[in-house]
Amino acid sequence: MELQGEKAIVTGGSRGFGAGIARALAERGAKVWITGRDEAALNRVADETGAIPIIADVTSGADWDRLFSLVGDDVGILVNNAGAGVRIAPLAEQSDSEIATAVNVNLTGAIMGCSRAAERMSRLGRGAIVNISSVCALHAWPGWSVYTAAKAGLSKFSHALHTEMRPHGVRVFCLTPSWGSTGFNRAAGITGASEDPELAGKCISPDEIGRLVVTLLET
């Protein structure tokens, strides 16, 4: 895929993996739109990368429609990176609202974005969708059941969507990173490993995953 001049959407682009992916795509000449709910953080990444910031919630169909209307029907790349731990705790301690939010942010929102991208990319006869899952989709730990279910769902959804989109010239990828240096642990209220400099040094960085996405798209 030739990235120069290609239109790309990166959700969750205000920090972490999303910022790294946006940076890598912009460096290869893509025109990048980044989304998120933190306006100040989005603007900082936009200033650093040249990306176009759009305040949007991935769980809102109306926000997805507005986003695609702004980007245009010729979008060639969608990176579903937005995600959240919401609450990492035993299932019995989680509220219905927390469960629903975790599934909506990590799975349903990506599916809604893919639906709109699939329609447009099918007409174009080309394009690429990259969904960011998690190693939690492959392993099991106490307290991670809801997040694991959502990320495992995203993985299998991507697999099935690939079979749908391949005849239309559209590729679908699902990346399954392990622990990254993204601030996820702090946001999810997890302490311990993130304070260990030796372990932290082994994390995949936002720039590394950005280069990986570029490699996949250009191969």
Side-chain angles (χ1 to χ4, degrees), residues 8-19 21-22 32-43 45-46 51-73 75 77-89 91 93-121 129-134 136-137 143-161 164-165 172-177 180 182-190:
I9 295 171
V10 180
T11 69
S14 62
R15 56 178 58 83
F17 286 159
I21 294 167
V32 183
W33 282 258
I34 55 174
T35 75
R37 293 176 295 177
D38 186 333
E39 184 174 10
L42 273 177
N43 288 336
V45 175
I52 301 167
I54 296 179
I55 303 296
D57 182 345
V58 296
T59 69
S60 166
D63 280 9
W64 275 113
D65 289 336
R66 178 171 55 85
L67 172 62
F68 274 95
S69 70
L70 291 170
V71 176
D73 288 342
V75 59
I77 300 166
L78 170 63
V79 181
N80 281 305
N81 166 76
V86 182
R87 187 180 182 197
I88 305 304
L91 180 60
E93 298 177 8
Q94 297 190 42
S95 68
D96 289 347
S97 176
E98 289 168 336
I99 292 168
T101 298
V103 174
N104 287 337
V105 171
N106 293 293
L107 176 58
T108 309
I111 294 175
M112 290 196 296
C114 286
S115 173
R116 289 155 175 81
E119 178 189 359
R120 290 159 174 81
M121 292 178 183
I129 295 170
V130 182
N131 293 326
I132 309 298
S133 182
S134 163
C136 289
W144 291 81
S145 58
V146 178
Y147 182 80
T148 291
K151 288 300 189 180
L154 183 60
S155 177
K156 295 311 295 181
F157 164 77
S158 302
H159 188 184
L161 184 62
E164 290 183 21
M165 300 306 297
V172 180
F173 302 94
C174 185
L175 296 187
T176 310
T182 64
F184 176 91
N185 284 359
R186 290 190 300 276
I190 304 164

Starting at [atom1] of [X], measure out to [atom2] of [Y] and round the result to the nearest 0.5 Å.
X	Y	atom1	atom2	answer
N104	I111	CG	CD1	10.0 Å
E93	I88	CD	CD1	12.0 Å
L67	L78	CG	CG	8.5 Å
L161	C114	CG	SG	5.5 Å
L91	I99	CG	CD1	5.0 Å

Minimum heavy-atom separation for [X] to [Y], with atom names?
X	Y	value
R116	D65	NE-OD1, 2.6 Å
I54	R66	CG2-NH1, 3.7 Å
S158	L154	OG-O, 2.7 Å
G12	A82	N-CB, 3.7 Å
A51	I34	CB-CG2, 3.9 Å
N81	T11	N-OG1, 2.9 Å

Heavy-atom side-chain contact between [X] and [Y] under 4.5 Å:
X	Y	value
L175	F17	no
T108	T59	no
I52	V32	no
I55	L42	yes
F157	N131	yes
I9	V71	yes
F173	I129	no

Could you check whether any side-chain N or O of [X] sits under 3.5 Å from a backbone N or O of [Y], counting only pairs where one atom can act as donor and the other as acceptor?
X	Y	result
S133	C174	no
K151	I132	yes
T148	W144	yes
W64	G109	yes
Q94	A89	yes

**Request:** Only counting residues at least two apart or in another chain, list the ones meeting side-chain hydrogen bond (donor to acceptor under 3.5 Å, both in side chains) with E119.
**Result:** R123

**Request:** Apply side chain to side chain contact (heavy atoms under 4.5 Å, CB included) to the pair V10 and W33, showing each step before the final yes or no.
**Result:** CA-CA 6 Å; V10 180; W33 282 258; over 6 Å; no

**Item:** Pair S14-D38, side-chain hydrogen bond (donor to acceptor under 3.5 Å, both in side chains): steps then yes or no
**Value:** CA-CA 7 Å; S14 62; D38 186 333; 5.8 Å; no

**Asked** Within a reach of under 6.0 Å around CD of E98, are more than 12 heavy atoms found that belong to other residues, nucleotides or ligands?
**Response** yes

**Request:** Taking atom CZ of R37 as the centre, report whether more than 12 heavy atoms of other residues, nucleotides or ligands fall under 6.0 Å from it.
**Result:** no

